[in-house]
Asker: 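Quick one: the structure is below, questions incoming.
So you know, we letter chains A, B, ... as the sequences are listed, proteins then strands, and number each from 1. These numbers were taken from a predicted model, which means no experiment stands behind them.
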There are 2 protein chains.
Amino acid sequence: MRGGKPTIDDVAALSGVARATVSRVLNGGPNVREEVRQRVLKAVDKLQYKVNMQARFLAGGKTQVLGLVYASDLDSEPNSFYHSGLELGALRGCAEAGFQLLMHTVNQHSLGKTAKIIELVDSRRCDGLILTPPFSDDCDLLRELEARNCPVVCISPGLAAQKVASGVGIDDEVAGYEMTRYMLSLGHKKFGFIKGLEGHLSAEERYSGFRRAIAEAGIGEADVTVMRGNFTFRSGVDLTAAILGNGHRPSALICANDDMAVGALFSAHKVGLNIPQDLSIVGFDDTPVSEIIWPPLTTVNQPLKTIGYRAVEMIVERIKAGKTASGPLPVRFDVVPHKVVMRESASPPQG
Amino acid sequence: MRGGKPTIDDVAALSGVARATVSRVLNGGPNVREEVRQRVLKAVDKLQYKVNMQARFLAGGKTQVLGLVYASDLDSEPNSFYHSGLELGALRGCAEAGFQLLMHTVNQHSLGKTAKIIELVDSRRCDGLILTPPFSDDCDLLRELEARNCPVVCISPGLAAQKVASGVGIDDEVAGYEMTRYMLSLGHKKFGFIKGLEGHLSAEERYSGFRRAIAEAGIGEADVTVMRGNFTFRSGVDLTAAILGNGHRPSALICANDDMAVGALFSAHKVGLNIPQDLSIVGFDDTPVSEIIWPPLTTVNQPLKTIGYRAVEMIVERIKAGKTASGPLPVRFDVVPHKVVMRESASPPQG
DNA sequence: TTGTATGCGTTATCAT
DNA sequence: ATGATAACGCATACAA
């Protein structure tokens, strides 16, 4: 121990045992007398010894680090409640599993987006990756990761990606269907729908569910206005303004996420509409904004923290399985329950 | 190269040079002929060789990882726009500086909170730490970190902590003063103030600025109602309900952060008040919610992304300085500019 | 039950 | 300009 921090050898020397024995007690290994164990522990305490994770991981080939990657456009505000919820759940899962969480954002429009992610695993900075949309829908990326047999869990992947890698999420098609059924039950007959970004397949599923319900109800094409947004508040504002301006105003407006729904609310307020009397507006996700806005937003609850938590559970499972040489775990998709939560932004149409 | 990934030795062998030479070209070292350099590069490319960061860092004693720690109560929703902004800025800084960002939450009420943070550096998982409130005000923690000479940068530390470790933030006292002056200029004479959590010294500074302006204006104690909240939307709702219910209603309500201001808005709406005609409500931070709420919130802009970005710049500086043995950098506090942004939730009092 | 020896993949320090 | 070799601090297979 030449001035620096104490090493395992210092502990071994002080407690009069071999390095391997110290390693055993540190890792809860078998075959160590209680007396020796205590002696080692005492030395550890006396020296204030801490394992050097760098060394442990180099020797063991692990990192105990999980990477959470999400898309960010530096210009557009991130969907921060969405990501925060996921992150918080993942963080909690990591704490329980003894992992650390490495955040990684990549601009979804940059050229080397895939390379940046691949490099993370090639350079051995983490043992596994949690991918959020739209990366969780990038089958090419998924396959590259699989080739390196890097454990991966996708958040809300679309149908195609679900066959390539494991994932967690709600059943978005059913969620879209149920929300629409609810609006139908309220008596609405003219609809507006603001979709999310292209390529976010799970959000697209929401739209599919909407179409199914609409078709079943026999609503004609003339009575539905569809717009494509990009999940941001601003796109909700702008598209709603467009919808309200075109004369053929719907009585119900369904948005593919809460941020856009809040934007819609904003736009409607601006032109003096009363919500929900003049227009019902609903969203998806049940992020915290939906509760703090006025009127409180009717939306579909997607348990983001649970999803983030479950994602690390799944990935840790896969990492362990990978080590036991029992072969890779089969790909699977975990469905967590959603729920339409009725608040005050939707009501029967009036007038 | 026995089946696993190629190592530096494989590259050395293929290009017919020594390991050290490969290391030189990889790290842009001097003393290597251009011809050799090309040969090595070609081998690297052919083998698809990637540096194993684990090994590099063990050998070099670095990790190229920064830890960002923030408080979380599992029960209360996190102040996610606040943290997201910081995180996004930090992430961008990390990308530019070649660092990775490790997220770490710790329950601020748990016993071992300090130990959890210390362990992060003792086990050498990161080269430096960015602390957010209230940890950025924990002088004991700061000193323990300094003893381990772990580079630290605090986000919005209070006056005491500013002397112990470097930090970044706005001048909260002046911000509080200016906001209050603005309300005064609007003609308000009866104030309500909802403070943040105790121990968040920077938020407390906001309150000091408020008191200074109030005193200067000669407003009497009878005309100011002060409550202590905890930064959450809910506390804003509850405390505002209490304030509105006590008869002596203020015409202006200042909240120590936006979330509470939004809660105040919610509460006011609920009892049928018109904002800002019946009551002016303002916040602090200018998080995205303040723009999407109705009416748009008058607040103080705190450039969170810039602060997060600046924090990693500062810490990277300190890490580099630490390596060059030129002695530790002096403690300093970087003030970034704030700005009161006037939107629609505040107006002259009416009636 | 415990100790020995070797490997992990780099960087860094000397030689040459 | 290049090469040999020693750290770096731990895990682990194998020997005792």
Asker: Measuring from A/K113:NZ to A/F135:CZ, what's the distance to the nearest 0.5 Å?
Answerer: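 Rounded to the nearest 0.5 Å, the NZ-CZ separation comes to 6.5 Å.
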Asker: Name the closest nucleotide to the A/R33 side chain, picking from D/dA11, C/dT10, C/dT2.
Answerer: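 It is C/dT2.
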Asker: Measuring from A/E87:CD to B/S84:OG, what's the distance to the nearest 0.5 Å?
Answerer: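 Here the interatomic distance stands at 7.0 Å.
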Asker: Nearest whole angstrom, please: distance from the C1' of C/dG9 to the CG of A/D122.
Answerer: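 Nearest whole value for this atom pair: 15 Å.
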Asker: Whole Å only: how far is the CZ atom of A/R37 from the P atom of C/dT2?
Answerer: 11 Å
Asker: Just to be sure I understand the rule, does B/N31 reach a base, reach only the sugar-phosphate, or reach nothing, if contact means heavy atoms closer than 4.0 Å?
Answerer: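 Base contact - B/N31 has a heavy atom under 4.0 Å of at least one base atom.
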Asker: Without decimals, in angstroms, what is the distance between A/Q54 CD and D/dG9 C1'?
Answerer: 10 Å
Asker: Evaluate the salt bridge (charged side-chain N to carboxylate O under 4.0 Å, His left out) criterion for residues B/K5 and B/D10: first the C-alpha distance (whole Å), next the side-chain angles of each, then the deciding distance (0.1 Å), finally the verdict.
Answerer: CA-CA 9 Å; B/K5 303 234 175 142; B/D10 296 318; over 6 Å; no
Asker: Which listed nucleotide (D/dT2, D/dA4, C/dG9) is nearest to the side chain of A/L58?
Answerer: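 Closest of the options to the side chain of A/L58: C/dG9.
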Asker: A/E35 CD to C/dT1 P: how many Å, rounded?
Answerer: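 Taking atom P of C/dT1 as the reference, CD of A/E35 is at 13 Å.
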Asker: If you take any heavy atom closer than 4.0 Å to DNA chain D, which residues from residues 23-30 of chain A end up in contact?
Answerer: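 Here the set is A/S23, A/N27.
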Asker: Going by the side-chain contact (heavy atoms from CB on, under 4.5 Å) test, name the single residue among A/D138, A/I118, A/V121 that passes it with A/E144.
Answerer: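 Result: among A/D138, A/I118, A/V121, A/I118 is the only option passing the side-chain contact (heavy atoms from CB on, under 4.5 Å) with A/E144.
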Asker: Report the distance from atom CZ of A/R125 to atom P of C/dG9, rounded to the nearest whole Å.
Answerer: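 Nearest whole value for this atom pair: 17 Å.
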Asker: For the side chain of A/T7, counting heavy atoms from C-beta on, which of D/dC10, D/dA4, C/dT10 is nearest?
Answerer: D/dC10
Asker: Give the C-alpha distance, both sets of side-chain angles, the deciding distance and a yes or no for salt bridge (charged side-chain N to carboxylate O under 4.0 Å, His left out) between B/D9 and B/R19.
Answerer: CA-CA 6 Å; B/D9 285 326; B/R19 184 195 299 171; 2.8 Å; yes
Asker: Side chain of A/V51, heavy atoms from C-beta onward: which of D/dC10, C/dT2, C/dT10 has the nearest atom to it?
Answerer: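 Minimum distance to the A/V51 side chain belongs to D/dC10.
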Asker: Nearest whole Å is fine: how far is D/dG9 P from B/F57 CZ?
Answerer: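 B/F57 atom CZ is separated from D/dG9 atom P by 16 Å.
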Asker: We want to know whether B/R124 and B/T63 form a side-chain donor-acceptor pair, criterion being a heavy-atom distance below 3.5 angstrom.
Answerer: no
Asker: How many Å lie between CD on A/E34 and P on C/dT1, as a whole number?
Answerer: 12 Å
Asker: When you match A/V36 and A/R19 each to their closest nucleotide on DNA chain C, which lands nearer the 5' end?
Answerer: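 The residue mapped nearer the 5' terminus is A/V36.
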Asker: When you measure from the side chain of B/T21, which nucleotide among C/dC8, D/dA13, D/dT2 comes out closest?
Answerer: D/dT2
Asker: So does A/R310 pair up with A/D334, basic N to acidic O under 4.0 Å?
Answerer: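 Salt bridge: yes.
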Asker: Look at all strands and tell whether A/K62 reaches a base, only sugar-phosphate, or nothing, counting heavy atoms closer than 4.0 Å.
Answerer: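 If one applies the 4.0 Å heavy-atom cut-off, A/K62 turns out to touch nothing in the nucleic acid.
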Asker: Atom CD1 of A/I8 to atom P of D/dT12: distance rounded to whole Å?
Answerer: 11 Å
